[in-house]
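First the structure, in the form of structure tokens, and then the observations on it.
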Amino acid sequence: MLQVAQIRAHKEAYIEALKKRNYDAAPVFENVLQLDETRRSTQTTLDATLAESNKLSKEIGLLFKSGETEKANQAKEKTAGLKETTKNLQEKLNTTVTALTKLLYEIPNIPHNTVVAGTSEEDNEEVFRAIDFPNLEENALPHWELAKKYDLIDFDLGNKITGAGFPVYKGKGARLQRALIAYFLDKNTQAGYTEYQVPLMVNEASGYGTGQLPDKEGQMYHVTEDDLYLIPTSEVPLTNFFRDVMLNENELPQKLTAYTPNFRREAGSYGAHVRGLNRLHQFDKVEIVNVTLPEKSYEVQEEMLSHIKNILKELHLPYRILRLCGGDLTFTSALTYDFEIYSAAQERWLEVSSVSNFETYQANRLKLRYKTNDGNKALAHTLNGSSLALPRIMAGILENYQTPEGIKVPEVLKPYTGFSIID
RNA sequence: GGAGAAAUGGCAGAGUGGUCGAAUGCACCGGUCUUGAAAACCGGCGAGGGUCACACCUCCGGGGGUUCGAAUCCCUCUUUCUCCGCCA
């Protein structure tokens with residue numbers, strides 16, 4: 001969330017920037033600043049009342065000690081009024097803080113300078129395109145038909161045992177997916193990321209820490225019995241490692257990677273575009289997370305982009321990079337680049353990665369800070385990106401590598417699959 | 001799942017109702033001494049709010065309560081340890 005002090009200092013600039021998200025911040029900011037004013041003045045009055053109580057209590061203690069019981073009991077009577085005042089002020093402070101926090105949670109991050117205004121994905125800017133298009137036969141098949149033809153993925157079986165959006169991978173299909181996961185993790189660790197295996201469920205505090213709650217409440221599966229949430233991405237556990245953490249400047253950057261399944265309810269999204277592997281309730285993803293110095297975060301984001309570009313290049317998949325417009329930007333992000341690969345058989349672009357810089361937005365919620373070398377404290381910047389999302393890469397490989405003889409395995413994956421063609 | 005014990009500053013570890021934000025040791029920072037380092041000695045050393053700076057307020061796992069006053073008493077939750085049960 002945004003810092004109140006920053007809102008106060010940059011009010012007009014922030015209002016202007018948030019317009020790119022089609023978000024009218026002016027009335028909300030007024031509310032925030034007023035609540036903050038109330039919060040501070042209430043706190044000051046409360047502090048003074050408490051100071052008075054503390055003083056009296058000490059005096060009473062001393063009186064009892066010196067045997068002046070009479071006087072002590074008289075002094076006791078004076079505290080009744082103070083108690084009442086304290087209680088009222090405390091209640092006022094609590095409701096003010098609750099209201100203020102709730103408001104702050106509802107304000108999205110400030111878009112970066114380079115982000116353009118826009119209302120939908122139509123307004124995203126293409127900033128890079130690598131044309132590596134395959135020469136497909138006339139009768140090229142979409143991946144769901146290829147999956148059936150070569151017995152790689154069983155959607156019906158998933159429907160039976162769980163429901164729509166929970167596919168079962170089989171034989172070479174399962175093996176290809178495992179190969180991709182291992183390959184991605186190897187690429188990430190070679191680039192300096194530390195590999196983790198993390199819990200697939202998180203508590204409520206973690207959901208708030210990275211911003212899934214309260215904004216995307218309905219997108220996560222909630223295990224009510226134990227009040228835990230299935231992770232929608234490993235960003236949630238990984239970034240929450242740093243909740244309430246104070247790092248030293250020389251411990252930055254922190255680079256983490258993890259493979260996990262991800263669970264998303266995707267309520268309300270049905271139809272042709274969610275066919276096959278295009279949109280699932282459970283899917284695999286390898287994620288990279290960076291915690292950096294504020295002055296380094298955009299440089300780090302560029303590094304992340306070239307890292308992912310390199311992977312897609314090795315896989316020879318045609319892809320492009322989009323800089324998301326204000327309207328398409330995630331709630332918590334200041335700047336996001338999406339990677340999309342081209343699915344020749346479906347003739348459409350599929351998002352396979354999203355690389356975001358959250359600046360201090362998550363760090364402020366997380367209380368993720370670092371001590372500078374000269375002893376000051378500051379919020380760190382957090383970033384994350386997919387490297388990469390499995391199903392759509394699977395779809396892209398199946399579709400773009402299909403030949404009359406079968407589906408060829410990309411060269412870099414052969415050491416991982418142990419076979420070179422699916423036929 | 002059942003029974004019991006515990007949770008205090010970076011770590012270790014005192015503190016069972018009153019001047020305790022908290023002894024002591026280690027670690028850390030500054031100084032004296034030294035050619036330099038070590039040792040020794042002296043001083044400093046948690047976090048958040050607030051202030052120009054002080055003052056002041058809050059925090060002893062989380063939440064609630066008793067009391068004029070709570071690290072200390074009560075309730076509750078979480079976590080850890082020991083024993084029993086179950087188990088990949």
Side-chain angles (χ1 to χ4, degrees), chain A residues 1-9 32-104 197-209 213 222-229 237 240-252 254 261 360 362-380:
Chain A
M1 58 183 162
L2 300 179
Q3 295 162 269
V4 177
Q6 297 297 314
I7 293 177
R8 207 181 308 134
V32 165
L33 293 177
Q34 204 193 319
L35 280 169
D36 186 54
E37 192 59 43
T38 308
R39 196 209 93 223
R40 282 184 298 160
S41 67
T42 309
Q43 181 82 61
T44 308
T45 320
L46 175 63
D47 283 0
T49 313
L50 284 172
E52 181 72 17
S53 300
N54 288 344
K55 210 175 125 209
L56 268 176
S57 292
K58 276 184 187 172
E59 283 170 10
I60 291 168
L62 288 173
L63 286 172
F64 273 123
K65 222 171 215 177
S66 60
E68 296 171 82
T69 320
E70 192 78 6
K71 275 189 172 178
N73 284 326
Q74 280 172 14
K76 263 193 184 180
E77 284 167 24
K78 287 201 283 182
T79 61
L82 284 176
K83 275 193 116 171
E84 188 62 26
T85 312
T86 305
K87 202 181 152 203
N88 291 337
L89 285 170
Q90 189 66 61
E91 271 168 19
K92 186 179 176 192
L93 183 65
N94 288 346
T95 52
T96 308
V97 169
T98 307
L100 179 58
T101 309
K102 186 165 177 286
L103 266 190
L104 287 172
Q197 289 198 4
V198 297
L200 305 182
M201 289 192 253
V202 294
N203 55 31
E204 191 181 48
S206 293
Y208 274 94
L213 295 174
H222 187 192
V223 183
T224 51
E225 180 89 21
D226 298 289
D227 200 16
L228 295 172
Y229 293 86
N240 272 284
F241 285 3
F242 300 98
R243 175 149 48 85
D244 294 316
V245 163
M246 175 88 72
L247 295 162
N248 289 315
E249 182 169 344
N250 59 20
E251 291 175 294
L252 295 170
Q254 293 275 329
T360 59
Q362 287 183 331
N364 189 34
R365 284 195 184 189
L366 292 162
K367 291 203 184 64
L368 161 52
R369 295 165 304 164
Y370 69 99
K371 242 181 210 148
T372 60
N373 289 333
D374 50 21
N376 291 315
K377 291 166 210 123
L379 291 168

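Order of the sequence lines fixes the chain letters, A, B, ..., with proteins taken first and strands second; residue numbering starts at 1 for each chain.
- Rounded to whole Å, the C1' atom of A22(B) lies 11 Å from the corresponding atom of G46(B).
- Taking the C1' atoms as reference points, U66(B) lies 11 Å from C75(B), given to the whole Å.
- Shown here for M1(A) and N364(A), the closest heavy-atom pair between the two residues is O-ND2, 2.9 Å.
- Two residues are said to be in side-chain contact when any heavy atoms from C-beta on lie closer than 4.5 Å; L2(A) and V32(A) fail this criterion.
- Pairing for C28(B) is with G44(B), a Watson-Crick or G-U wobble pair whose two hydrogen-bonding atom distances lie under 3.5 Å.
- The minimum heavy-atom distance linking L46(A) with Q90(A) is given by the pair CD2-OE1, 3.6 Å.
- Base pairing annotation: A38(B) forms no Watson-Crick or G-U wobble pair, as no partner gives both donor-acceptor distances under 3.5 Å.
- Annotation for K92(A) and T42(A): closest pair CE-OG1, 3.8 Å, computed over non-hydrogen atoms.
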side-chain hydrogen bond (donor to acceptor under 3.5 Å, both in side chains) assessment of T44(A) paired with D47(A): CA-CA 5 Å; T44(A) 308; D47(A) 283 0; 6.0 Å; no
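- Take R369(A) and apply the salt bridge (Lys or Arg N to Asp or Glu O under 4.0 Å) test, not counting sequence neighbours, and it matches no residue.
- Using the Watson-Crick or G-U wobble rule with both distances under 3.5 Å, A3(B) pairs with U82(B).
- N203(A) places none of its side-chain heavy atoms less than 4.5 Å from the side chain of D227(A).
- Judged by closest nucleotide on RNA chain B, S57(A) is the one of S57(A) and N54(A) placed further toward the 5' end.
- Side chains of L368(A) and Q362(A) form no contact here, defined as non-hydrogen atoms less than 4.5 Å apart.
- Nucleotides U8(B) and A14(B) have their P atoms positioned 11 Å apart, rounded to a whole Å.
- Comparing the C1' positions of G25(B) and C45(B) gives an interatomic distance of 15 Å, to the nearest angstrom.
- Using atom C1' as the reference point in both G62(B) and G43(B), the two lie 37 Å apart (nearest Å).
- When RNA chain B is scanned 5' to 3' for any atom under 4.0 Å from a heavy atom of chain A, the first and last hits are G18(B) to G69(B).
- Look at the P atom in both U79(B) and G30(B): the space between them is 42 Å, to the nearest Å.
- When heavy atoms are screened at a 4.0 angstrom cut-off, K367(A) is found touching no nucleic acid atom at all.
- Using a 4.0 Å cutoff on non-hydrogen atoms, the parts of residues 68-77 of chain A near RNA chain B are K76(A), ordered by number.
- Nearer the 5' end of RNA chain B, as judged by each residue's closest nucleotide, is the contact made by G61(A), out of G61(A) and M246(A).
- Across all strands shown, A71(B) forms no Watson-Crick or G-U wobble pair with both distances under 3.5 Å.
- By the 6.0 Å contact criterion, CD on Q34(A) is open, its count of non-hydrogen atoms from other residues, nucleotides or ligands being 12 or less.
- Remark: A55(B) base-pairs with no nucleotide; criterion is Watson-Crick or G-U wobble with both hydrogen-bond distances under 3.5 Å.
- Between L104(A) and I7(A), the closest side-chain pair of non-hydrogen atoms falls below 4.5 Å.
- Using C1' as the reference atom, A37(B) and G48(B) are 39 Å apart when rounded to the nearest Å.
- Within the nucleic acid shown, L50(A) comes within 4.0 Å of sugar-phosphate atoms alone, with no base atom in reach, counting heavy atoms only.
- The gap from the P atom of U58(B) to that of A71(B) amounts to 10 Å, rounded to the nearest Å.
- Nucleic acid contact for L46(A): none, since no nucleic acid atom lies under 4.0 Å from a heavy atom of the residue.
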